[in-house]
Amino acid sequence: MQRVEDSLPAVRVVINDDVLFRQLDDESVLLDLDSQRYFGLDEVGTRLWSLLQDDPNLHKARDVMLSEFDTDAATLDADLRDFLDELMSRGLARLETLDESSM
């Protein structure tokens, strides 16, 4: 199974085409059309998902979130790793290595 490294890798997060996203205020719901299962996202997960839909570069999304949330880099990185590991374990997203021009 694919996992996120201890330090956030230079990757693109590719969202599975069979996942629907609906935002309700600061939270949101994902629907996996394959399994017909719903997954709730909190404010942080919702923000990351929204950023990744606009630009799948994980480092860019992390930098935006670091400026928006009252947290330190190590805590945010750990939370993002856990969140991405969960998405990947459920088949909702996968990681692709970025080339130098995308960084």
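Between Leu31 and Gln36, the closest heavy-atom pair is CD1-C, 3.9 Å. Across every non-hydrogen atom of Leu66 and Leu76, the tightest pair is N-CD2, 3.6 Å. Shown here for Leu51 and Ala61, the closest heavy-atom pair between the two residues is CD1-O, 3.6 Å. Closest approach of Leu20 to Leu33, counting heavy atoms only: CD1-CD2, 3.8 Å.
Two different hydrophobic clusters hold Trp49 and Leu24 under the rule that ILVMFWY side chains link at heavy-atom gaps under 4.5 Å. Note: the hydrophobic cluster containing Leu84 also contains Met65 (ILVMFWY, side chain heavy atoms under 4.5 Å, direct or indirect links).
Within the structure, no pair that satisfies the side-chain hydrogen bond (donor to acceptor under 3.5 Å, both in side chains) test touches residues 13-24, not counting sequence neighbours.
Here Glu27 pairs with nothing under the salt bridge (charged side-chain N to carboxylate O under 4.0 Å, His left out) rule; sequence neighbours left out. Scanning for side chain to side chain donor-acceptor pair (under 3.5 Å) contacts around Ser35 gives Asp32, with sequence neighbours left out. Under the side chain to side chain donor-acceptor pair (under 3.5 Å) criterion, Glu86 pairs with Arg90, not counting sequence neighbours. Annotation: side chain to side chain donor-acceptor pair (under 3.5 Å) contacts of Arg37 (sequence neighbours excluded): none. Scored by the salt bridge (charged side-chain N to carboxylate O under 4.0 Å, His left out) test, Asp55 finds Lys60 as partners (sequence neighbours excluded). Annotation: side-chain contact (heavy atoms from CB on, under 4.5 Å) contacts of Ala78 (sequence neighbours excluded): Arg81. Listed by chain and number, the residues in a side chain to side chain donor-acceptor pair (under 3.5 Å) with Thr75 are Asp72 (sequence neighbours excluded). Considering only residues two or more places apart in sequence or on other chains, Glu68 meets the salt bridge (charged side-chain N to carboxylate O under 4.0 Å, His left out) condition with Arg47.
For the atom pair Asn57 CG and Leu52 CG, the distance stands at 9.0 Å (nearest 0.5 Å). Of the inter-residue distances, the one linking His59 atom NE2 with Leu80 atom CG reads 10.5 Å to the nearest 0.5 angstrom. Rounded to the nearest 0.5 Å, atoms CD1 (Ile15) and CZ (Phe21) are 8.5 Å apart. For the atom pair Leu95 CG and Leu58 CG, the distance stands at 7.5 Å (nearest 0.5 Å). A distance of 9.0 Å separates CZ in Phe39 from CG in Leu87, rounded to the nearest 0.5 Å.
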Side chain to side chain contact (heavy atoms under 4.5 Å, CB included) between Leu41 and Leu30, intermediate numbers included: CA-CA 8 Å; Leu41 302 180; Leu30 301 177; 3.9 Å; yes
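Shown here is Phe69, whose CZ atom has more than 12 heavy atoms of other residues, nucleotides or ligands within 6.0 Å.
Under the 3.5 Å distance criterion, the side-chain polar atoms of Thr46 are matched with a main-chain donor or acceptor of Asp42.
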